[in-house]
Amino acid sequence: MQLKRNQRFCLAAVLVLGVAGWSGGAFGEESAEVSDEDEELSEADQALNKAFELHEEGDLDAAYDAFQDLADQGDAEAKVQLGWMYLEGHTMDPDMERTAELWERAAEAGHERAGQLLNAVLPGVEH
């Protein structure tokens, strides 16, 4: 199949612009200024990462406390992780109702996977 001159140009432009954006060119650059909101998100992300690290290291009590603090602040991912801890009985007896409650709250907060987990892992559990 032969491309006309303008089609080749458009294809080349798309490829060049796509590569520039992918590699951090004009379309991939971020502003050097960081807003206060971005700093808060960064701190929340750091706290969430720390909670995951604690869990992976086996410090389940500290992980629970970290996830709970974040969940109390409204972090939907922390609510999902707390739900898993309740489901699996990490630092407490397994509690499917508490798991369902946490996942429902996370889903209401916009966490995409939480609703799927609620329906797939705990169908029919009242919350």
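These values consider heavy atoms only, across backbone and side chains, with no hydrogens, waters or symmetry-generated copies.
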- Item | Closest heavy-atom pair and its distance - A66, L54 | CB-CD1, 4.3 Å
- Query: Just how far is it from atom CG of L48 to atom CD of Q46, taken to the nearest 0.5 Å?
  - Reply: 11.0 Å
- Query: Between W84 and W103, does a side chain to side chain contact (heavy atoms under 4.5 Å, CB included) hold up when you go through it step by step?
  - Reply: CA-CA 9 Å; W84 280 115; W103 287 353; 3.8 Å; yes
- Message: Any heavy-atom pair between the side chains of Y64 and Y86 that's under 4.5 Å?
- Response: yes
Ignoring hydrogens and angles, write down the donor-acceptor pairs under 3.5 Å from the side chains of residues 75-83, residues two or more places apart or on other chains.
residue: D75; atom: OD1; partner: E77; partner atom: N; Å: 3.0
residue: D75; atom: OD1; partner: A78; partner atom: N; Å: 2.8
residue: E77; atom: OE1; partner: H111; partner atom: NE2; Å: 2.6
residue: E77; atom: OE2; partner: Q81; partner atom: NE2; Å: 2.7

- Between E101 and R98, is there a salt bridge with N-O shorter than 4.0 Å? yes
- Message: Under 4.5 Å between side-chain heavy atoms, counting indirect links through other Ile/Leu/Val/Met/Phe/Trp/Tyr residues: same cluster for M96 and L118 or not?
- Response: yes
- Message: Ignoring hydrogens, what is the shortest heavy-atom contact between M85 and M92? Give both atom names and the distance.
- Response: O-SD, 3.4 Å
- Would you mind listing every salt bridge (charged side-chain N to carboxylate O under 4.0 Å, His left out) that reaches into residues 46-74, with sequence neighbours excluded? none
- Checking T99 side chain against L87 main chain: does a donor-acceptor pair fall under 3.5 Å? yes
